Number of protein chains: 2
Amino acid sequence: MDMDREYTQDFVTDEKWQAIINNDASYNGQFYYAVKTTGIFCRPSCKSRAPKRENVRIFKCADQALAANYRPCKRCKPTREKLPDSEWIAHVTQYIDKNYMEKLNLDLLAEISHGSPYHMHRIFKKVKGITPVEFIQQVRIKEAIKFLIDTEKGVSEIALAVGIPNTSYFITLFKKKTGVTPAEYRKLNKKKYKMEGLRHGIQE
Amino acid sequence: MDMDREYTQDFVTDEKWQAIINNDASYNGQFYYAVKTTGIFCRPSCKSRAPKRENVRIFKCADQALAANYRPCKRCKPTREKLPDSEWIAHVTQYIDKNYMEKLNLDLLAEISHGSPYHMHRIFKKVKGITPVEFIQQVRIKEAIKFLIDTEKGVSEIALAVGIPNTSYFITLFKKKTGVTPAEYRKLNKKKYKMEGLRHGIQE
DNA sequence: ATAATTTCACTATCTTGCTTTTATAGTATC
DNA sequence: GATACTATAAAAGCAAGATAGTGAAATTAT
């Protein structure tokens with residue numbers, strides 16, 4: 001319907017064509033390409049299958065393409081704001097730091113941050129070097145240690161306070177991480193505190 | 001409080017002691033053992049931790065143990081009514097049969113039936129011999145075949161109707177399962193129907 | 001032309017051995 | 001005699017490679 005406007009569009013130069021077939025992200029923002037046969041327009045970096053050169057039209061901005069009745073591609077376009085992985089995961093670790101006393105699992109963490117638990121798990125490990133569960137356990141044991149040193153709370157109470165309502169399991173896990181049971185840890189470190197004015201001998 | 005009744009109880013014979021530490025189910029009903037330090041009584045087959053021999057008292061029946069102020073063990077006793085896995089899974093397959101046109105996944109199936117998706121998956125495979133996903137795919141392809149034979153709907157429409165909104169993927173899957181594409185399948189079986197009065201040559 | 005099929009690169013979900021966590025029972029210790 | 005700790009089977013959940021599913025676009029068949 002607006003084929004008569006053909007001459008108002010940019011010509012498909014070799015440079016642009018190369019950018020398109022190489023999905024070259026450095027050209028993003030410089031131009032958009034539309035495909036006549038599908039009525040869809042993309043950014044140069046779009047990873048979708050390369051169109052035939054003769055079906056391509058070039059636009060300087062998205063509005064022009066929309067005006068010419070093309071719709072934005074679902075793969076490259078709506079990819080507007082995707083914050084980098086590190087920020088995404090920082091979100092997750094902050095949540096854990098604040099909510100270690102609650103029940104936590106992958107599904108929940110995925111939900112509060114973003115989509116798939118499986119994907120989140122992969123990225124978490126890539127960014128932090130440890131798995132989410134390992135991270136959660138470390139936070140909980142560190143908090144438990146603070147309670148043991150700074151308070152006189154009983155072991156069951158501390159277990160509950162750090163998000164491990166199962167006392168016997170808490171003791172097992174604590175011993176696995178620190179080498180000693182909670183009560184032993186308290187005894188050892190209270191003494192040290194009195195004698196040397198020190199704290200937190202094993203962790204940190 | 002009723003230590004004076006000690007002599008009215010059975011003696012812990014070597015045979016009974018062996019039955020207890022081996023969790024020997026063949027002795028169930030013949031006697032019960034109570035543990036003085038915990039105030040709990042069990043059947044011989046109970047899987048809980050073995051008590052010390054000197055803490056054990058033997059009873060001929062549960063009533064005697066109750067009368068002596070012991071409470072029944074929660075692991076071996078309440079194992080009264082647990083419906084078999086097959087019934088649980090039948091629930092799931094019925095749901096699939098009725099809802100194959102909707103989006104389905106493990107989490108959903110676990111939710112409508114019972115707890116953990118992982119556990120459900122394991123039991124499903126044990127009971128049915130195939131995984132839930134395989135089962136769903138089979139249902140969908142069988143329904144698609146009915147549509148191909150009984151109607152003139154297009155392939156995309158059929159794909160959507162059987163819960164696979166992505167036509168290209170539907171075709172890929174159909175071919176993987178039947179060996180031919182949907183349109184080919186229709187052509188072959190329509191012809192056969194006309195010529196021989198038959199139907200559904202490949203599946204069923 | 002329209003519908004069907006294939007291709008491709010990517011993301012989401014499954015799969016399943018392994019680990020964590022729960023639920024109970026029992027012993028040790030202070 | 002309450003609190004700490006050990007033990008253990010079953011259920012729940014993780015981990016990470018394998019597989020399924022998506023969305024764009026070309027190609028082929030009708």
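In what follows, every chain begins at residue 1, and chains take the letters A, B, ... in the order their sequences are listed. Note that the coordinates shown come from a computational prediction; the quantities given were computed from them, not determined experimentally.
For A/Ser168 against D/dA7, a side-chain N or O and a base N or O form a donor-acceptor pair under 3.5 Å. A donor-acceptor contact under 3.5 angstrom links the side-chain atoms of B/Arg122 to the base of D/dG13.
If you measure from atom CZ of B/Arg140 to atom C1' of D/dA20, you get 11 Å, rounded to the nearest angstrom. D/dC14 atom P lies 6 Å from atom OH of B/Tyr118, rounded to whole Å. What separates NZ of B/Lys177 from C1' of D/dA20 is a distance of 10 Å, to the nearest Å. Whole-Å rounding puts the B/Leu104 CG to D/dA20 C1' distance at 14 Å. Here the P atom of nucleotide C/dC14 and the CZ atom of B/Phe124 are 13 Å apart, to the nearest Å. Remark: P of C/dT20 and CG of A/Leu106 are 13 Å apart, rounded to the nearest angstrom. What separates CD1 of A/Ile164 from P of C/dT22 is a distance of 8 Å, to the nearest Å. As rounded to whole Å, 17 Å separates atom P of D/dG13 from atom CG of A/Leu173.
In this structure, A/Lys125 does not reach the D/dC14 phosphate: none of its side-chain N or O atoms is under 4.0 Å from OP1 or OP2. Remark: A/Gln137 is in phosphate contact with C/dT21, judged by side-chain N or O atoms under 4.0 Å from OP1 or OP2. OP1 or OP2 of C/dA4 has not a single side-chain nitrogen or oxygen of B/Lys175 nearer than 4.0 Å. Proximity of A/His119 to the phosphate of C/dT11: no side-chain N or O atom is located under 4.0 Å from OP1 or OP2. Under 4.0 angstrom from either OP1 or OP2 of D/dA20 there lies at least one side-chain N or O belonging to B/Lys176. For D/dA25, neither phosphate oxygen OP1 nor OP2 lies less than 4.0 angstrom from any side-chain nitrogen or oxygen of A/Asn55. Not one side-chain nitrogen or oxygen of B/Lys187 sits closer than 4.0 Å to the OP1 or OP2 atom of D/dA29. Considering only side-chain N and O atoms, A/Ser156 lies under 4.0 angstrom from the phosphate OP1 or OP2 of D/dA4.
For the pair B/Lys16 and B/Phe31, the cation-pi criterion (under 6.0 Å, within 45° of the ring axis) is fulfilled.
Two residues, A/Thr167 and A/Asn105, neighbour DNA chain D, and the one matched to the more 5' nucleotide by heavy-atom proximity is A/Thr167. Toward the 5′ end of DNA chain C lies the nearest nucleotide of A/Asn166, the other residue of the pair B/Val35 and A/Asn166 mapping further downstream. Place A/Glu157 and B/Val133 on DNA chain D by their nearest nucleotides, and A/Glu157 ends up nearer the 5' end.
Applying the side chain to side chain donor-acceptor pair (under 3.5 Å) definition to pairs two or more places apart or across chains, those involving residues 131-140 of chain A are A/Glu134-A/Gln138, A/Glu134-A/Lys177, A/Gln137-A/Lys177.
Counting heavy atoms from C-beta outward, B/Leu109 and B/Phe124 have side chains that stay 4.5 Å or more apart. Looking at heavy atoms from C-beta onward, A/Val35 lies out of side-chain contact with A/Phe41 at the 4.5 angstrom threshold. Side-chain contact between A/Tyr32 and A/Cys42 is absent, with no heavy atoms from C-beta onward closer than 4.5 Å.
From A/Leu108, atom CG reaches atom CG of A/Asn99 across 8.0 Å, with rounding to the nearest 0.5 Å.
Residues B/Phe174 and B/Tyr185 bring their aromatic ring centres within 6.0 Å.
Heavy atoms of B/Asp107 sit nowhere under 4.0 angstrom from any nucleic acid atom. The residue A/Pro132 sits close only to the backbone: its heavy atoms come under 4.0 Å of sugar-phosphate atoms, none of a base. Within 4.0 Å (heavy atoms only), B/Lys153 reaches no atom of the nucleic acid at all. Counting any heavy atom pair closer than 4.0 Å across all strands shown, B/Glu184 reaches sugar-phosphate atoms only and no base atom. Within 4.0 Å (heavy atoms only), A/Ile171 reaches at least one base atom of the nucleic acid.
In the set C/dA4, D/dT27, D/dA25, the nucleotide with an atom closest to the side chain of A/Lys52 is D/dT27. Of all nucleotides listed (C/dT15, D/dG13, C/dT22), D/dG13 comes nearest to the side chain of B/Ser116.
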